Amino acid sequence: MSTRYPFTAVVGMDDLRLALLLNAVSPAVGGVLVRGEKGTAKSTAVRALAELLPEVPVVAGCRFSCDPASPDPGCPDGPHGNAPGTSRPARMVELPVGASEDRLVGALDIEKALAEGVKAFEPGLLAAAHRGILYVDEVNLLSDHLIDHLLDAAAMGASHVEREGVSVRHAARFLLVGTMNPEEGELRPQLLDRFGLTVEVAASRDPEQRVEVVRRRLAFEDDPAAFAARWADEEHALRERIVAARELLPQVKLGDPVLLQIAATCAAFEVDGMRADIVMARTATTLAAWAGRTEVTSEDVRQAALLALPHRRRRSPFDAPGLDEDKLDETLEQFKGDAPDEDPEPDGPGDGGPGGDGGGGVPPQGEGPDGPAPESAEVPESAPAPQSSGAGAGERAAVKAGEPFRTKVLSVPGLGQGAAGRRSRARTEHGRTTGSTRPRGALTKLHLAATVQAAAPHQRARGRSGPGLVVRRDDLRQATREGREGNLVLFAVDASGSMAARQRMSAVKGAVLSLLLDAYQRRDKVGLVTFRGRDAEVALPPTSSVDAAAARLEKLPTGGRTPLSAGLLKAHDVLRVERLRDPSRRPLLVVVTDGRATGGGADPVALAARAARLHAAEGTASVVVDCETGPVRLGLAGTLARELGGTAVTLDELRADSIAGLVRDVQAAGQTTQTAWRAA
């Protein structure tokens, strides 16, 4: 068994350590979502937490970790009766981003269930995580169908496995801990709300701490056992403090004045529902127990709000989570009433939590065997908005985007097989059943009617004598289903001088922002290519983070000539690389321009037409957003759309209530292009 990095050796990241320790004291707090840049020890701290948890009493031989004191009456391995109990270390189960549904919830032997009526069930990760920690690294990249199962288990405390009339249920109560890099995309709101607390982490900018990071990490990698041994006393002390706080927790009093502060704070920040109030109350109570007190103070409420509310307050999809601390302090002061002040000298062990007055069992900075440092050996990469190669004296400062609006769906024609999403039609694991096929690997979705139809003619030859259906492997049929996929939406935005009128560019940015919002809701990947001056550039490589695309769009300056051909060729290069990386994700090219071509060669119009035909030849679904304004219009964007094999739409027509036929036009144009390409 590999040695884990000691929790007490992680110095810095006070909010992260505090949130994890509060959940170790009271799992009812509801878990932790850790947001932060790469290389900030998110995963290291979470994995180290499991070593601090007390042992778990379980029924001997139960695969579902039933508690001997109160075994689950519906346990598939039960009934347990007076089965002997034993204890084992608390588990931390990791859910890989690419896990299958059967790996998460468990699997039934369909063939045995049909032929013999036997529930042969193999438990999944949810069963293994019961009464422990379920850890999901990069939780925002989980597929929708896995998130659905997590939501069900988190809400009901149980996992249900249904396979064509055969049902298995088992308890699944776990501490959910997830980490994510916001640059890779946001988390679905439903799952976001299921995390009790959230914290933001970032690497220290203090050179001395960063030096200590490297020193400590190298010492651990050179001799993990010796490094862990140097921190054994601190680990033991912190483990004892967790036990003491658990014992004190039932004695903590949550008075009405404090409850009023909690309710007023949640109302002031306009959080949805009542879960925030409940989580704040539990967190404040646990903070008091962690500090060794039996009364909750206003400072506990403040700290609970900073941990429980940032991801729950109402905000637009592109706003970063966070709280206005001045507003928080004003609210707490206004509704202070008779709430007790913070006790500077707690009655219990330790000197406060890692986010409060001390290290909470973790050596404060400047102490400990190896000195202070957040445990991270990577320098985070900064990603400033790129500067255009065409910038010059004619460049104009960036303007703000206009007010976003709801757009109609732009979809890719045909039937894809990409990642689950909400844009275009696709063959998926979930959706409406459209037919059946022979399984190529493990059977995951049985088509019962087709299976019975395949087995029925052979029953007499197979010697069937009883009521059971004699089913062979060759009889099994896999259900084929149709749902929706996410696409790669690549924006090619004209930022030349012809687009530089401030009011016009503001409207253009508002339109692109509206399409980005639509992509956010439909779980697409997005990319951004801009062209102006003499060349084009990839302002944002394809990513799941539409937040990053919106930020780059906001900073986009304008000016110079219009190298339309360069923009289309750059978009072609991006799509070519993405087809190699992810061939199942189909692209949608959105060109935002007035159609003029005034740079990029001796005959820029002909070069642009030739570049557009490259996209048409590969069957790329395209939409041209025509930004031309004024009483006299040249219709150049429409010409470009015809060369692309797509359709053109004006800024006004882009609104949801103005383009009822746009999806049909895109699909028809795309199908025509694909037919011509096949014929060629």
Side-chain angles (χ1 to χ4, degrees), residues 182-186 317-318 381-391 395 398-402 404 407 410 412 423 486-496 499-500 505-533 535-560 562-579 581-582 585-594 611 615 620-625 627 644 646 651 654:
E183 293 180 359
E184 296 293 336
E186 285 294 338
F318 300 142
E381 298 179 7
S382 59
Q387 299 296 316
S388 171
S389 59
E395 180 178 297
V399 299
K400 289 187 177 181
T407 68
L410 308 178
V412 178
R423 183 172 295 277
N487 297 109
L488 167 59
V489 182
L490 181 63
F491 294 92
V493 180
D494 183 351
S496 64
M499 304 280 288
M505 196 61 196
S506 177
V508 169
K509 286 187 176 182
V512 178
L513 183 62
S514 301
L515 292 169
L516 283 172
L517 281 166
D518 183 66
Y520 169 81
Q521 294 164 352
R522 301 187 187 281
R523 300 182 67 78
D524 294 315
K525 289 181 70 174
V526 296
L528 180 62
V529 171
T530 64
F531 52 96
R532 65 191 180 98
D535 205 355
E537 64 183 357
V538 181
L540 183 73
T543 174
S544 296
S545 176
V546 294
D547 298 39
R552 300 292 170 84
L553 177 71
E554 191 70 24
K555 299 175 182 177
L556 179 65
T558 56
T562 310
L564 180 57
S565 60
L568 294 174
L569 290 173
K570 183 68 70 174
H572 182 268
D573 290 343
V574 171
L575 294 180
R576 177 178 55 81
V577 172
E578 287 302 308
R579 283 191 180 97
R581 289 178 176 172
D582 189 358
R585 188 180 288 270
R586 297 184 296 162
L588 174 64
L589 176 64
V590 179
V591 184
V592 185
T593 181
D594 57 9
H615 290 280
T620 302
S622 305
V623 175
V624 178
V625 179
C627 303
L644 285 167
L651 287 175
L654 192 59

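Keep in mind it's a predicted model, so treat the numbers as computed, not measured.
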Does [Y] offer a backbone N or O that forms a donor-acceptor pair with the side chain of [X] under 3.5 Å?
X	Y	answer
Asn487	Arg586	yes
Arg552	Leu540	no
Lys570	Phe531	no
His572	Ala611	no

Can you give me the closest heavy-atom contact between [X] and [Y], atom names plus distance?
X	Y	result
Pro587	Val412	O-CG2, 3.5 Å
Arg532	Pro557	NH2-CG, 3.4 Å
Ala549	Leu516	CB-CD2, 3.8 Å
Leu589	Ala492	CD1-CB, 4.4 Å

Inter-residue atom distance [X].[atom1] - [Y].[atom2], 0.5 Å rounding:
X	Y	atom1	atom2	value
Leu575	Leu588	CG	CG	10.0 Å
Asp518	Leu513	CG	CG	11.5 Å
Leu490	Ser622	CG	OG	10.0 Å
Leu556	Leu528	CG	CG	7.0 Å
Asp594	Ser496	CG	OG	6.0 Å
Lys525	Thr543	NZ	OG1	7.0 Å

I'd like to check Thr620 versus Arg579 (side-chain heavy atoms, cut-off strictly below 4.5 Å). Are they in contact?
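A side-chain contact under 4.5 Å exists here.
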
If you define the side chain from C-beta out and look only at heavy atoms, does anything of Pro541 sit under 4.5 Å from Val574?
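No; the side chains remain at least 4.5 Å from each other.
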
Salt bridge (charged side-chain N to carboxylate O under 4.0 Å, His left out) partners for Asp573, two or more places apart
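For Asp573, no residue satisfies salt bridge (charged side-chain N to carboxylate O under 4.0 Å, His left out) once neighbours in sequence are set aside.
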
Would Val590 and Val625 count as a side chain to side chain contact (heavy atoms under 4.5 Å, CB included) if you check the C-alpha gap in whole Å, the side-chain angles of each, and the deciding distance to 0.1 Å?
CA-CA 7 Å; Val590 179; Val625 179; 3.9 Å; yes

Step by step, would you call Val526 with Leu515 a side chain to side chain contact (heavy atoms under 4.5 Å, CB included)?
CA-CA 10 Å; Val526 296; Leu515 292 169; over 6 Å; no

Residues which pass side-chain hydrogen bond (donor to acceptor under 3.5 Å, both in side chains) with Asp524, listed by chain and number, not counting sequence neighbours
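With neighbours one apart ignored, the set is Arg423.
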
